[in-house]
There are 2 protein chains.
Amino acid sequence: MAAAQRGRAPGGPGRARAVPRDKRPTIEMVAKRAGVSRQTVSNAANAPHRLRPETLQKVLGVIDELGYRPSKAARSLRTRSTQVIGCRLLPSNAGGTGGVLDRLLHALCDAARSKGYDVLTFSVASDDEEIEVCDDLLRRSAVDGFVLANTHYGDVRPEWLTAAGVHFVAFGRPWGDANPAHSWVDVDGAAGTSEAVHHLAGLGHSRIGCLALPEGSGTGDDRFHGWQRATAALGLPCSTLVGRAEDGIHSGKALAEKLLSLPEPPTALVCVSDALAVGAVRALEDRGLVAGRDVSVVGFDDSPVASVLRPRLSSVRQPIEAVAQNLVEVLLAEISGTQRRPSRCLLSPWVVARESSGPALAGATGRTTLVTLPTPDSYRKEQTR
Amino acid sequence: MAAAQRGRAPGGPGRARAVPRDKRPTIEMVAKRAGVSRQTVSNAANAPHRLRPETLQKVLGVIDELGYRPSKAARSLRTRSTQVIGCRLLPSNAGGTGGVLDRLLHALCDAARSKGYDVLTFSVASDDEEIEVCDDLLRRSAVDGFVLANTHYGDVRPEWLTAAGVHFVAFGRPWGDANPAHSWVDVDGAAGTSEAVHHLAGLGHSRIGCLALPEGSGTGDDRFHGWQRATAALGLPCSTLVGRAEDGIHSGKALAEKLLSLPEPPTALVCVSDALAVGAVRALEDRGLVAGRDVSVVGFDDSPVASVLRPRLSSVRQPIEAVAQNLVEVLLAEISGTQRRPSRCLLSPWVVARESSGPALAGATGRTTLVTLPTPDSYRKEQTR
DNA sequence: CTAGCCAATATGAACGATCAAGTCGCCCCC
DNA sequence: GGGGGCGACTTGATCGTTCATATTGGCTAG
């Protein structure tokens, strides 16, 4: 259906001929020109099997010739579906998850459009304000559903949206809600930090620290647990090498300084955000150390700054394009009513190794560990689902 | 009108009560409950002056009580206007103009919403594809107009859109078209680099170089001319201190290295992009020099990386919020037909001084220049229009 | 030969708003 | 006292689709 309604520009390849607004063809004009009725034209697009092949041919020919596309408003009015997805535009904090949500929006638009949907964005300052805008969009029947990003503990939005009977999918797990009534897609942060630990262990590191966020942040804790799990599984003595503070470059620097001052300092740091990682690199610089040579650092999110810094920052990259694909697929399934019970989808990120992670200095820790690593390719597959 | 149609959630302050889709009130329900006709309800929202104060009061009361908002589809079908603005989502190249277009989209959504409009975004890979999507959106009557970003020489989009009779406004001047038929809003890049030169001259620099893009890029040339104009006006001997190359960190580094190897090297560099500036800083580091102490560097765009780098990068910041406001205002004026002839609007950016620009070392250049500087505030005003 | 059925297409109604043209009082003025 | 005008509200028509229900013609079975 989407395919039939979203043909190329009329007249085949080459730049589309511009059509002034006052002479956009309606279904009636197509019908008259093809010598059939409205409904037959409608069927040609929405239920081609109902037409005799030759009739179908003729009608499609006229549709293409005139460049007819059904009016969104009229169709929306009749069918009570807008073919539009609403999505809050998230603030792009420079150091933090900045680039991620930007990538998400791009991928979301692509995925939606390929299914015949459009994306409507809005910018708000708080969750409460988001609810207000969603409410407005729903009352005006401007969207069919929402993509919700940045879920967190105590998030009031899912509950509200559920109560409103709106279709929506969350990017992010429903932290704190063991039995959520809605669908979600998320990235397995723990798997990411775990792979980071394995990556570093594979480079010979055994004292691998972790810069995490204060307890109580969903994604932060998740990523922290991945580090915990992996170091424990590898039998690494790292339990004291943990620093926790609010996200940010300054925190990262402060935390790293503390850990580096320990009698037995870490030789590598897994950070749950790029901002923390940048701070850690700063702390190293201050001591005349070089990230990736003296101490390795791995960030999280692979934000734009990661590849710009020097040394370039190794970071855990999220499969955002796959996330967007899944978000759209799940949301549309729910809108169409195909999907009755909430679906869950957890995708794996992978480590992008750059200069900030390098081999452990021989003898620096007085001990080497042998580890078997999963091949990076096994992780990368997730992206090209 | 917009105000009347976009009231708060029903029931005054506090979180809006969710309304399931199957019982969203129509104008007819409001009419019945208020004991008036459809049209009177419509008038209450669109032409309040036509109602007797007490009737108005009563109708508005019911509207608020039921949380009625006119259906977008129905209204759009009848009035032939969608109250939606289309906008291409631009690729956010990490080092370059990345953050700028992200900020623009945020500001655009805010500005549009405050006028009762929504923003529909799409992501495409080329100008031709953009035309294709615009054509599709227009044929389906999905938008009233477009905001066009990233204009450049030989841009085919304005011509196409004009031919289509579509309302649109460009962010960016119509480079190469002396007599454009469309409206635009842009930032005065030359004024930005000029202010950067004055800023540096005020710090005592007289050998101020420029890292620019190859000739032929609209914004690049514009910014370069600002440097040219300012250094000439101040009588600074800088004409040889110019490097031009494609945008990027590597180019910036290479260009800076060349200039720093001159017999009389620059003591300060004005760069037409942050990416070039980052490259320049790298070149300095390689020579053991510190930006802002030994050689000053000023970038352009104030991208997120600027404040994350060390030393933090001085950069020319664009008044994006004001740009967005103007874009929306001009576009809506054009859609409403108020504005017949194309309007033009050029806003001034300003220098955000950080650590990468500092006083010239005494005696380093053998010559000091006295300059009167415009107060930074005069520039800053532009933002809060 | 005709009722019954199916495939293919056509016709009327509805979606929910606004526009254009009513209707109904009321007051003013000649 | 009646026509005219105006203010306040109502009623029919319409925007461009799709849904639900005809209509048509041909073919089959009884």
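A, B, ... follow the sequence lines: proteins, then strands. Residue 1 opens every chain.
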Specify the separation, in whole Å, of atom [atom1] of [X] and atom [atom2] of [N].
{"X": "A/R140", "N": "C/dT18", "atom1": "CZ", "atom2": "C1'", "result": "17 Å"}
{"X": "A/N43", "N": "D/dT18", "atom1": "CG", "atom2": "P", "result": "9 Å"}
{"X": "B/N46", "N": "C/dA17", "atom1": "CG", "atom2": "C1'", "result": "9 Å"}
{"X": "B/I27", "N": "C/dC15", "atom1": "CD1", "atom2": "C1'", "result": "14 Å"}
{"X": "A/R139", "N": "C/dA17", "atom1": "CZ", "atom2": "P", "result": "13 Å"}
{"X": "B/E28", "N": "C/dA14", "atom1": "CD", "atom2": "P", "result": "13 Å"}
{"X": "B/R80", "N": "C/dA17", "atom1": "CZ", "atom2": "C1'", "result": "14 Å"}
{"X": "B/R50", "N": "D/dA8", "atom1": "CZ", "atom2": "P", "result": "11 Å"}

Select base, sugar-phosphate, or nothing to describe what B/S141 touches, counting heavy atoms under 4.0 Å on all strands.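 The residue B/S141 makes no contact with any strand.
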Would you mind listing every salt bridge (Lys or Arg N to Asp or Glu O under 4.0 Å) that reaches into residues 37-52 of chain B, with sequence neighbours excluded?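 As it turns out, the salt bridge (Lys or Arg N to Asp or Glu O under 4.0 Å) pairs with a partner in residues 37-52 of chain B, which skip direct neighbours, are B/R52-B/E54.
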Donor + acceptor pair across side chains of B/R24, A/S141 (<3.5 Å):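 A/S141 and B/R24 do have a side-chain donor-acceptor pair below 3.5 Å.
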From [options], pick the nucleotide closest to the side chain of [X]?
{"X": "A/T79", "options": "C/dA17, D/dT17, D/dT18", "result": "D/dT18"}
{"X": "B/T26", "options": "C/dT9, D/dT17, C/dG16", "result": "C/dG16"}
{"X": "A/R52", "options": "D/dG16, C/dA10, C/dA8", "result": "C/dA8"}
{"X": "B/Q39", "options": "C/dA14, C/dC19, C/dT9", "result": "C/dC19"}
{"X": "B/R75", "options": "D/dG16, D/dT10, C/dA17", "result": "C/dA17"}
{"X": "A/S37", "options": "D/dC15, C/dT9, D/dT17", "result": "C/dT9"}
{"X": "B/V36", "options": "D/dG16, C/dC19, D/dT10", "result": "D/dT10"}
{"X": "B/R38", "options": "D/dG16, C/dT9, D/dT11", "result": "D/dT11"}

Here's a test of your reading of the structure: between A/R78 and B/T55, which maps to the more 5' nucleotide of DNA chain D?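 Whichever sits nearer the 5' end wins; that is B/T55.
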Map A/V41 and B/H49 onto DNA chain D by nearest heavy atom, then report which one ends up closer to the 5' terminus.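 The residue whose closest nucleotide sits nearer the 5' end is B/H49.
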Any side-chain heavy-atom pair from A/L161 and A/H182 closer than 4.5 angstrom?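 When only atoms from C-beta onward are counted, A/H182 and A/L161 do not touch, as no gap falls below 4.5 Å.
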Kindly say if B/S42 contacts the phosphate of C/dT18, meaning a side-chain N or O under 4.0 Å from OP1 or OP2.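 For B/S42, the contact criterion (side-chain N or O under 4.0 Å from OP1 or OP2 of C/dT18) is met.
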Could you go through B/E334 and B/R340, starting from their C-alpha distance and side-chain angles, then the distance that decides it, and tell me whether this counts as salt bridge (Lys or Arg N to Asp or Glu O under 4.0 Å)? CA-CA 7 Å; B/E334 236 158 84; B/R340 297 310 301 179; over 6 Å; no
Can you check whether B/L148's main-chain N or O pairs, donor with acceptor, with B/R157's side chain at less than 3.5 Å?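 Looks like no, no N/O pair under 3.5 Å.
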